[in-house]
Every structure is written in C-alpha cells, then in structure tokens.
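Encoded as structure tokens, the structure appears first; notes follow it.
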Amino acid sequence: MPANFMFVSKNPIPGSMDDIDEDDDDENDALIPVPLKAAQGVKVGDKGSGVFRDALRLPDIGNANLGNDVADFADSEIRGPLIRPSALQRAAAPTSQAQPIQAEERSDAPVMSRAQALIASLLQPPDETHVSPKEGGEGREKPGAHTALHAEAPTQGRPRKTEETSDAPAVSRGQALISSLLQAPLDHRTELSSQQTSCGRVGGSGHIQGEGHQAQTRAPASQAQPQGSEAPTQVPLGEKTADRAEMVADLPVQPGSCEIQDGQNCRSGKQPRAIRPLDEVVHGVLRGSPRSCQLVAEALRVHGFCVCSGGLPLALVQRAQAEAEHIHSAGGMRAGTVVIEGKLLHERQQNRRGDSVLWLRSSGAIPSNPALSDVEAHLDCFGRTLGGSLASLDIPQGGARCGGVRFTERTDAMLACYPGGGAGYARHVDNADGDGRPDGRKVTMVYYMNHAWDQKAGGSLRIFFGREKRDLNLEHLMGGCRGVSFCPRGWGGRSCCSDGDARYLDVEPRADALVVFRSDIVPHEVMPAMAKRYAMSMWWLGYEQRSPT
Ligand SMILES: O=C(O)CCC(=O)C(=O)O
Ligand SMILES: [Fe+2]
C-alpha cells in the first residue's frame, strides 16, 4: 500500500476528448432531471453564469442558477493524494482534546510526530506567530521559526525527497518542508464501526470520543493543549431548536421505502412518494437533526446532490475563515494536484485547478486551529448520521439490487483556498472510477467559509445534473448490477426523464453553505473566483449494499 492514496481514472489524459462517449444512451444515465421550480426564483434553461441571489431562499448561503449550458468536456479527472484519518473516532475528538493523528501506528511515527509539531507551529493562529501575509499566498515566518525548522529538518530522517537545497532561502526551505510533508500524507484509514453512527453532543463538540482516545495520544506537549484554545462552540446535536429543514421540505421519508414506480427492483411495498425538488435547500444540517439527514439522504438518492446550510453560528464560521486565511497567508497550503491513473499530470495540465490545499488533521493543523477543528467535527458528525440515513434507504428486498450505501470510512478534511484572480477547478468527477477500489468515495461534502461573499466575485460551485451519458460515469456503479434494471431513481439509477439537456445548478460559496453530492457520478466545476475563497471538503467512502442472492 503506497503512502499516497491515489485515485485513478479510465480517461487517459484530462481534456482528451477521445474518450468521451457522446452516445446518448439512456441505459447509462443516472441523474435524473427533475421538475424545476421556476417559481422559487431559479431560472430554468438560463444560459450563462448569472447567479440568482434569492433562488435558494437562504440569506447567507449560495444561490442557485439553473441553466442548460453544457460544459464542453466531461473528463473524469480526479485528484490525489488523499489522506485518510487514523481513526474516525479520534478524528472527531473534541476541540479541547484535539489530537494529532495516531502517528505511532506507523513505523515512521516519531518522524511524523516531529513533522506534525513543526507544521503545527507554523500553522499557529495569527496572534501566536509573526507572519507578514502577502498577496498570493506567500508569507514569512519569524526568524525563530526558521531556526527551529532547520534545526529539526535534517534530523527528521524524512524518507521523501524535498526540494531543499543548502543555499535556498530559509523561507523557501521551510515551505519546501511543509510541501514535502503534505505531498506524502499519512495513509491512515480506519473502518467505521457500526456503533458509530450517532454523534452525541457537539460543542464539546459533537465529536465522538473513541475508546482509548487518551491512551493513544502521543502528542508533543505543545500540541496537547491547543494554542488559543477556547471553549468550543456549543451546538448540541439533536437540539430541538427550530428545525429549519422543515421550512423547505416536508417530504415524508420512510426508511426502507422506495419511490420506484414500476416496482421492477425495489419491492418495498411502500407507496411512491413525491420527489423533493432539487432547488430546495435543507437548512441547518450541521445542527444534528436526524430529520435533516434523512432529507439530505433522500436528495442524494433522487438527485445525486443536495444544497444545504450548515446552521453553524456565524461567529464560528468567521473564526474558521480567519484561521484558514492565516494558514494560507503563512504558506501552509500547497497547490492542489490532479492525478490520473496514479500519476501527477504534467505541470501545464495542473492548471485545471487553481486552489491550494491542506489536509487538516494529517498536517497537524487541527490542534492550533480550534474553529476549523469544530467545523471538521460538525462535518464528521453529520456524515456519520447521514451514513445511517443512506444505509436505511432502499433496503434490498425481494432480491432487489438497489441497496443503499454504507459508509466505511472517510478522508481527512481538506482545507482549500482559491486565491482569487479567476482561479477555479475545471469540470470533473471526484471519483469517476471507484478510486480503483470497490469501496471508494461515495459522497463529497463541501462546506464554505466566505463571510460576506460578493456575488460578483463568482466562484460558484457548478453542479451538473443532466442526463447525458458524458455527464455520468456509471461503469463501476453498474458493477455487479450490469444487466439488471437499476433502481430508476436511486443510487446508480437511470433516468426516466425525457429532457436530454444537461443542466447545472450554481451555488455561491457563501458562509455556512454546504453542498453534498455523490463523489462517483456528479460532474462539477468551480467557476472562476475573483476573491479568496475558502472551503473545507470531506469525502466519505463506502459500498453499496447488495441484496443476498
Ligand atoms: O470548492 C468547491 O466548491 C469544490 C471543489 C472540488 O470540486 C474539489 O475539490 O474536488
Ligand atoms: Fe470536486
């Protein structure tokens, strides 16, 4: 198992049009066009990238713009490397007890612990370091930081090649160290136990406290108590505050029910239900309401994606944004890369994405960034509960093969910054090829932290949901189900709509907006952003349930 977790694609090279099958073959369509609710301020069939501010009826998150502009390519490029957490329960530890990943599990553990300590020291909050941010993501550490870095670096015994040279400027060497460490992230992965589907309480902070949590910790003293540590935001899960999700959708969701109308596959015996429109937002999903999770699960099953608001306190999101800004301006992030078939694309092709990224926990950034840690924990909690909802959808019955999805693990949380200046990410599918494994990434979550985002700055996430084959990649999804009729509106379902136009939905990256979508089939694109744009992403891996033969 290589240290880096690479994702592969069948497409030989991104941008190559040769591989794109233009055949408009219904058999392979999965995402279904659904009736669009023009009455809600979302324009249907509107070309261009105008964003409709009130479309989602949500004051502080991204708006929707529906159009029928079809992107000119649909490659399935995917990015790597991906860091996986050592243990999900530890990853979700309360902020006040935030721990680095369990480096001791690896043979190079001491090396990584020291490296994490180094990185963490570079990623301390602004008031703990002396950084001169400058435009473009460069920064300077205080002299002391350099000294420490270079005193430590030669003793790291790092197995990886870095670009350090003896005559390189100190800052560059420091950044090279960070870069090299981030380039070869830990390959930690732990299965979710079946008991770990509820989050408990958030704000101590909704994090799951795994058994042996303390015992497994071997954090340097400097990390044991996060700097600038403050009481984590108290957002109790399951809190019976106004469940804003109720405001936008009142879809009865019954575990095990099925909306298949022809009854070919899912024979749950339940009545078909109305389909929730894709332009509706599920509000406050990070507050922990199981009901919200059910709505999101249902939307994923029906549409392949769901636009949500997290419902986290604005102050928390702003603090998280400030931490992200600090990390970025201190040079703690490196350019995102595009990997095809395990190989980094050539430099000139890397411009398909313009962001810089940091894998949070693996890099050691979590302990010294409590707000980001809190956001991560909320996403973790939500994902676990969502996993439970997904697993209970479409429970195979009567030999049906349209089972729900079961999460087995998740990736580390990835902090991303698009620095402005038109940076974006060309259209792609996160996991078009099952990550080369049967239980690859199934669901992507992207949480935005951009307070007072200016609509004119662009940067929307464009989600394609058309029915054209080139929008989809169902190869692996079909898997063992090839030859059988799939659940028409479920995971891996086929379209039953007569409208052949690919369509998209634009979501502004406003503070607290959260988009959840299927990693394996939903093409999406980050539109050029003219301002710094921050997001935290998390991917959930799993497998689709199959009925017993
Ligand atoms: O930041 C976003 O809106 C999505 C970024 C994305 O597609 C990715 O990182 O794979
Ligand atoms: Fe993506």
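One-based numbering, in listed order, for ligands and for the atoms of each. All values reported here derive from a predicted model rather than from experimental measurement.
Of all the heavy atoms of His428, the ones lying under 4.0 Å from any atom of ligand 1 belong exclusively to the side chain.
At a threshold of 4.0 Å, the pair Glu376-Arg410 counts as salt-bridged, since one of the basic side-chain nitrogens sits closer than that to a carboxylate oxygen.
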Problem set entry | Working for side chain to side chain donor-acceptor pair (under 3.5 Å), residues Gln318 and His451 | CA-CA 6 Å; Gln318 285 178 299; His451 181 53; 3.1 Å; yes
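Backbone and side-chain nitrogen or oxygen atoms of His524 are examined, and one is located within less than 3.5 angstrom of a nitrogen or oxygen of ligand 1. An N or O contact shorter than 3.5 Å is missing between Ser537 and ligand 1 by distance. Inclusion of Tyr448 in the set of residues having an N or O under 3.5 Å from an N or O of ligand 1 is warranted.
Here is the list of ligand 1 atoms found below 4.0 Å of a heavy atom in Arg533: 1 (O), 2 (C), 3 (O). Remark: ligand 1 atoms within the under-4.0 Å shell around heavy atoms of Tyr418 are 1 (O), 5 (C).
How far CZ of Arg533 is from CH2 of Trp453: 6.5 Å, rounded to the nearest 0.5 Å.
Ring orientation note: the planes of Tyr534 and His328 are nearly perpendicular, at an angle over 60° on the 30°/60° scale.
Distance alone, capped at 3.5 Å, places no donor-acceptor pair between the Ser460 side chain and the Asp506 backbone.
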